[in-house]
Amino acid sequence: MNNAPHILVVDDELQIQRALRTILIEKQFKVSVASSGEEGLTIAATAEPDLVILDLGLPDMDGVEVCARLREWTQCPIIILSVRDGERDKVAALDKGADDYLTKPFGIEELLARVRVALRHSAQKQGTQSKVVKAGDLTIDLAWHIVKRGEDEVKLTGTEYKLLAFLAANHGRVLTHQSILINVWDPADADHTEYLRVYMRQLRKKLEEDPERPKYILTEPGIGYRFIADE
Amino acid sequence: MRPSPYFSSTLQYLFSIALIALTTLFFFALRDFLDTTLVALLYLIPIGVITTYGGFTPGIASALLSFFTFNYFFIKPYYTLAVHRPLDLVILIIFLVVSVVLSRLVGRAQTGLAAANAREREATQLYELSTALAGLHNEYTVAQILGKQVSALLQGEHVEVNITGPQPVRFCLPQVDAPSRPPELTVSIQAARSILGEILLWRGTPNISMGETRLIQTFASQAALALERARLAQAESRAKVLEESDRLKSAILSSVSHELRTPLSTIKAAASSLRGHDVSWDSPARVELVAAIDDESDHLNMLVGNLLDMSRIEAGVLKPKREWNIMAEIVGGVLARMKHLAEEHKLEIDVPEELPLVPADYVQMEQVFTNLLSNSLKYAPPNTVVRVRARVDGESIHVLVSNQGPQIPLAHLERIFDKFYRVTEADRVTGTGLGLSICKGIIEAHGGRIWAENLPDGLGFNFTLPLLWDGKSAPQLPMDTEIE
């Protein structure tokens, strides 16, 4: 069991600690638990976990701050936990380098799915990144700039393609409005959420079976978007 | 004693001298026909007049003056102050005594009258002030009335009333800056336990007399009473409001704890039977129990969320994070999430693509649609149609969420947006009774309007949202590159 991924849970609520520890150990992960930001940073520095689950409401310091301090020296994935309506904090933590988020209360399936995606991404960073992303009947070839729906090539405008490529390359992860705008448009356009709204809609119309009920490009209300690809 | 209103003192003496001179001239002309005794008696008339209008001192002065002129012009030998006849001397002495006594008597009566008048005036002004101050609950009005009365009484150049306290009040008359010199009179408004403020008075001349100072002090104590009364009344009404909100809070608490306990009971029952051994691991009951726990905890989460939203709206901290959004996307997202709740109804969505972008908070608008739709789904019978329709209406967007559920009596149509308001009895339908009031809070925070109406076949919820954001409409998007 030495190869089992090591997960550090930083949360001050004993009930959550107990539940997460039980479930994660059940799922064959190695688990450490910290009850405060300082303790979390110390354990992270000594044990070098493969993934950190971080609650934003810690007693001693701001979770966003913990996130920033972790990112000073490690690229290990961080999944943040926060209460509903904490959109501002969530976006702040994501922009500070957190990889994903979950809103309390959350289902355990959701948590495990996020953990899997985050671990896969960190593995990809070290290895070679796959150049073809498949999602249902969609095939996105990032090397050749070709998007196919079934056998038919989908015609995309330049911006549409850039947007889709950015989403697909980060499939499974939540991408904040700001990070998309900065990467696909320009840092100067970071506030123009309306670009996103309009282009996402165009993309969905070209890619989704039912643009009103998208399967691939999901909206994360108040946060950003997430592209769902095949595992 | 205050100066006579008719003459300044110099003028009074001049008037006395003139009157005596005139009288002397008159008697002098008739000297040969008049007896000395008669002249002495007649001299008392001007002295009486002077004392009446001028007061005691001019009276005495004119008596002495008359004494000399009488002696000089009418007692032989004429034009000297010498007296030859003993009888004349007696007349002269009697004249002097009578005129002085007359002056004193008349003068004293005058003084008493003037004092009585002044007291009456003070009493009247005080009465006017206390009548004006009675029943006032506003500190500024107290300051205003006090300032006006002081100013009217003293014809001050500038009057300023300052009231200290949690919300200091300042009233100036005239409403300009005070003269740069220090005020001639400062009187503090002193209550039993503390100083509540002060009256500042600027009046160059004449100087402020003791009597006036005393009167203003009386005014100040009247004002202090009025202020204390006002503060007591305020404290009382605050206490009433607190009591009222306390009562409301316990009503909310009991309603809420009832609502929270329902899902909790389900969860507890399901969890404990799963824990015991009466449900076998592979029975369908187990699946059902687990599903119940999952559903009810979602329900519980929604209840807590509603409560939080409501308290945020109440506290006025629900600030929409506005962005240019596509209405169809918001509605689509909500419908996708509510799919499992809408299985028994037919949904008809008419939110055109071409609608302009709406400046709104995405998450909050989702909440509005969620609450309006779940309300419709909850009350409308199964197999009926629930519609969502959006149109541009002038400079706003108009959304109608309608259902074929029961209509609402006209009297209730507005009140259904009130907190904890239910048309039906609380037990029939679950929920906190907060959903619609949260919608109202959100829509109004966006500068829109929300209302309900009875439709021919059911009930409709309408709301509008402005299409302009700070007076601007949706921005143009940058040009896209060619299709690859």
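Naming convention: chains lettered A, B, ... in sequence-line order (proteins, then strands); numbering from 1 in each chain.
Considering B/Asn325, B/Ile330, B/Val358 in turn, B/Asn325 is the only one that fulfils the side chain to side chain contact (heavy atoms under 4.5 Å, CB included) rule with A/Arg197. Results of the side chain to side chain contact (heavy atoms under 4.5 Å, CB included) test with A/Pro221 over B/Arg337, B/Met365, B/Gln367 single out B/Arg337 as the only residue that passes.
Atom CD of A/Glu13 has more than 12 neighbouring heavy atoms from other residues, nucleotides or ligands inside a 6.0 Å radius. More than 12 heavy atoms of other shown residues, nucleotides or ligands fall within 6.0 angstrom of atom CZ in B/Arg391.
Contacts between B/Glu323 and chain A at a heavy-atom distance below 4.5 Å involve the side chain alone, from C-beta outward. At a 4.5 Å heavy-atom cutoff, A/His192 makes no contact with chain B through either its backbone or its side chain. If you measure heavy-atom distances from B/Gln364 to chain A, you find no contacts under 4.5 Å at all. Residue A/Lys205 touches chain B through its side chain alone, counting heavy-atom pairs closer than 4.5 Å.
The closest side-chain heavy-atom distance from A/Glu212 to B/Leu335 is not below 4.5 Å. Residues A/Thr193 and B/Tyr362 fail the side-chain proximity criterion, which asks for heavy atoms closer than 4.5 Å.
Among the candidates B/Ala328, B/Ala336, B/Ser297, the residue making the largest number of heavy-atom pairs closer than 4.5 Å to chain A is B/Ala328.
Taken to the nearest 0.5 Å, the CD1 atom of B/Ile326 stands 10.0 Å off from the CG atom of A/Leu196.
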Apply side-chain contact (heavy atoms from CB on, under 4.5 Å) to the pair B/Lys321 and A/Glu87, showing each step before the final yes or no. CA-CA 10 Å; B/Lys321 184 172 168 279; A/Glu87 269 80 20; over 6 Å; no

